[in-house]
Engineer: 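Below are the structure tokens for one structure; questions will follow.
Only a predicted model underlies this, so the values are computations on that prediction, with no experimental measurement involved. Numbers restart at 1 for each chain; the letters A, B, ... are given by sequence-line order, proteins then strands.
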2 protein chains.
Amino acid sequence: MQTKPQGVSARDTDVAVGTRERVVRAASRLLQQQGYEGTGIKLIAREAGATLGSVYHFFPGGKEELAVAAIHHGDQEFADTLRAGLDSADDPAVAVENCARRLASALRESEWTDGCPVTSTALETLGRAPRIQEACHAALRNWQEVLAAKFRECGFADEDAEELACTVLGALEGAEVTSQVFRSEQPLLTAGRHLARLVRSWS
Amino acid sequence: MQTKPQGVSARDTDVAVGTRERVVRAASRLLQQQGYEGTGIKLIAREAGATLGSVYHFFPGGKEELAVAAIHHGDQEFADTLRAGLDSADDPAVAVENCARRLASALRESEWTDGCPVTSTALETLGRAPRIQEACHAALRNWQEVLAAKFRECGFADEDAEELACTVLGALEGAEVTSQVFRSEQPLLTAGRHLARLVRSWS
DNA sequence: TTCTGGATAGATCGCTCGTTCTAGTGGCGA
DNA sequence: TCGCCACTAGAACGAGCGATCTATCCAGAA
């Protein structure tokens, strides 16, 4: 058990949350915003209200092990967001469009910084950090499965559901990047509308 | 005028190409593969068969100025790829699917490393390097315009063409990232098929 | 031939990186 | 009460970063 966190004014300080969890949350947020190479361990520790010693105590594998844990965290968080959006409507086309709308709102509210939690890290570490790649792969698979489950529930054949989930997730991610660069909700909202049209073309 | 490049065995060495161009090409490739923070100026110089002095001679603005030039280079290269793919068929749906196929082949042949030349850099520098963001923004706009022109040629209304171009580009980029992480052509090929279906839904 | 300035060359600077190391703290079971 | 151990704390290390600097090279103008 950690002693009480007496960090002064760190952004992720939360008295009810243990040091390890605070570090993972800070790492997840910073990786999302600045990527793997651009994020230093010392900054993560400072933002989490922890010290370097604590970070290496919980993650003896260093930066790579911490990144893997952070990606798993972002994985589950994004999956929850996705599920919440999909549950907002029975019709799969409407549900997908609602997902896009929610992502757009969240993006604008974060000043266009909080996009997909793994894209940046995944691209930077391609072919150079297998553990991290594996975590990113698992995250994408997980999100595709969340989408595929919704489509199957709505009567899509297994293969159609799987493939559609792959395309919808990819399109949402691509539109999210576009929205971030353009600093506009429009690309995500347009993608949502077009994806709804695509989904409807099966019925 | 530069003297003859006498770099020994650098990858981008090409006797017919000036030092500045070799540096830009190497920078573009490395930014694409490892992102902005992960790519050192010294490595760029080495890969280009140039020295640090030459790099700072041509790019007194340092790493940021070099990155902007590299992104403009990747911008035009990718636009050419896109145009070539779109010119391969009159039917816009077939053309888009062909684009996806070509991107998938190129990706596999590069061992899944050569994806979109700006995504990684764009995400890493969000809100922290305005010049670079501007270059990425211009690149995305340029590629969207290439797609929109094709759609207009094929009889789409201006607004439909613009919006469809936005979604198609985003979907291709997202599918490309997915293909890179999965080390498989399938996500790009599936996205191509679905995008063709979407395009056809207008006719 | 001499001069000039674009281009090359690489040593060097201050800084930050990821990591390691030792010391210290405090709650809890024996 | 004592000892243990999970945890905190931060100084220190070598390596590599981006950037600066001086020295040199060499084609073509004068």
Engineer: In this structure, how many angstroms lie between the P atom of dA23(C) and the CG atom of Leu52(A), rounded?
Structural biologist: 18 Å

Engineer: Rounding to an integer number of Å, can you tell me how far Tyr36(A) OH sits from dG18(C) P?
Structural biologist: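 Value for this atom pair: 8 Å.
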
Engineer: Which pairs pass ring pair (Phe, Tyr, Trp, His ring centres under 6.0 Å) with one or both residues in residues 104-149 of chain A, sequence neighbours excluded?
Structural biologist: Phe78(A)-Trp143(A), His137(A)-Phe182(B)

Engineer: Given that Gly53(B) and Tyr56(A) both sit by DNA chain C, which one's nearest nucleotide is further toward the 5' end?
Structural biologist: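 Looking at the nearest nucleotide for each, Gly53(B) comes out on the 5' side.
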
Engineer: Would you please confirm or rule out a distance under 4.0 Å between OP1 or OP2 of dT8(D) and any side-chain N or O of Ser54(A)?
Structural biologist: yes

Engineer: Can you tell me how far C1' of dG16(D) sits from CZ of Arg46(B), to the nearest Å?
Structural biologist: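 So the two atoms are 11 Å apart, to the nearest Å.
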
Engineer: To the nearest Å, how far apart are Phe58(A) CZ and dG18(C) P?
Structural biologist: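 Interatomic distance, CZ of Phe58(A) to P of dG18(C): 19 Å.
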
Engineer: Expressed as a whole number of angstroms, how long is the span from Leu43(B):CG to dC17(D):P?
Structural biologist: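 After rounding, the gap between these two atoms is 8 Å.
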
Engineer: Evaluate the criterion side chain to side chain contact (heavy atoms under 4.5 Å, CB included) for residue pair Glu47(A) and Leu43(A); output intermediate values, then yes/no.
Structural biologist: CA-CA 6 Å; Glu47(A) 291 282 300; Leu43(A) 177 63; 4.0 Å; yes

Engineer: Whole angstroms only, please: what is the CZ-P distance between Arg22(B) and dT8(C)?
Structural biologist: 7 Å

Engineer: Using whole Å, report how far CD1 of Ile44(A) lies from P of dC17(C).
Structural biologist: 11 Å

Engineer: Please classify the nucleic acid contact of Ile41(A) as base, sugar-phosphate, or nothing, using heavy-atom distances under 4.0 Å.
Structural biologist: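 Sugar-phosphate contact only - Ile41(A) comes under 4.0 Å of backbone atoms but never of a base.
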
Engineer: Would you state whether a donor and an acceptor, one from the side chain of Lys42(B) and one from the base of dG16(D), lie under 3.5 Å apart?
Structural biologist: no

Engineer: Using a strict heavy-atom distance below 4.0 Å, which residues from residues 62-72 of chain B are in contact with DNA chain D?
Structural biologist: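 Hits under 4.0 Å, by residue number: Gly62(B), Lys63(B).
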
Engineer: Are the side chains of Pro60(A) and Glu65(A) in contact, using a 4.5 Å heavy-atom criterion?
Structural biologist: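 Of all side-chain heavy-atom pairs linking Pro60(A) with Glu65(A), at least one is under 4.5 Å.
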
Engineer: Could you state the CZ-P distance from Phe59(A) to dC7(D), rounded to the nearest angstrom?
Structural biologist: 11 Å

Engineer: What nucleic acid atoms does Gly40(A) come within less than 4.0 Å of, heavy atoms only: base, sugar-phosphate, or nothing?
Structural biologist: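 Sugar-phosphate, backbone atoms only, no base.
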
Engineer: As a test of understanding, state which of Arg108(A), Arg101(A), Arg102(A) forms a salt bridge (Lys or Arg N to Asp or Glu O under 4.0 Å) with Glu185(A).
Structural biologist: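 That would be Arg108(A).
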
Engineer: Between Thr19(A) and dT8(D), is there a contact of a side-chain N or O with OP1 or OP2 at under 4.0 Å?
Structural biologist: yes

Engineer: Has Lys63(A) got its NZ or CZ under 6.0 Å from the middle of the six-membered ring of Tyr36(A), at an angle within 45 degrees of the ring axis?
Structural biologist: yes

Engineer: So does His57(B) get a side-chain nitrogen or oxygen closer than 4.0 Å to the phosphate oxygens (OP1/OP2) of dT8(C)?
Structural biologist: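 It does not, given that no N or O in the side chain of His57(B) lies less than 4.0 Å from OP1 or OP2 of dT8(C).
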
Engineer: Is there side-chain contact between Phe156(A) and Leu164(A), with at least one heavy-atom pair below 4.5 Å?
Structural biologist: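 Result yes, sub-4.5 Å side-chain heavy-atom pair found.
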
Engineer: Quick one: are Leu188(A) and Thr178(A) in side-chain contact, heavy atoms under 4.5 Å?
Structural biologist: no

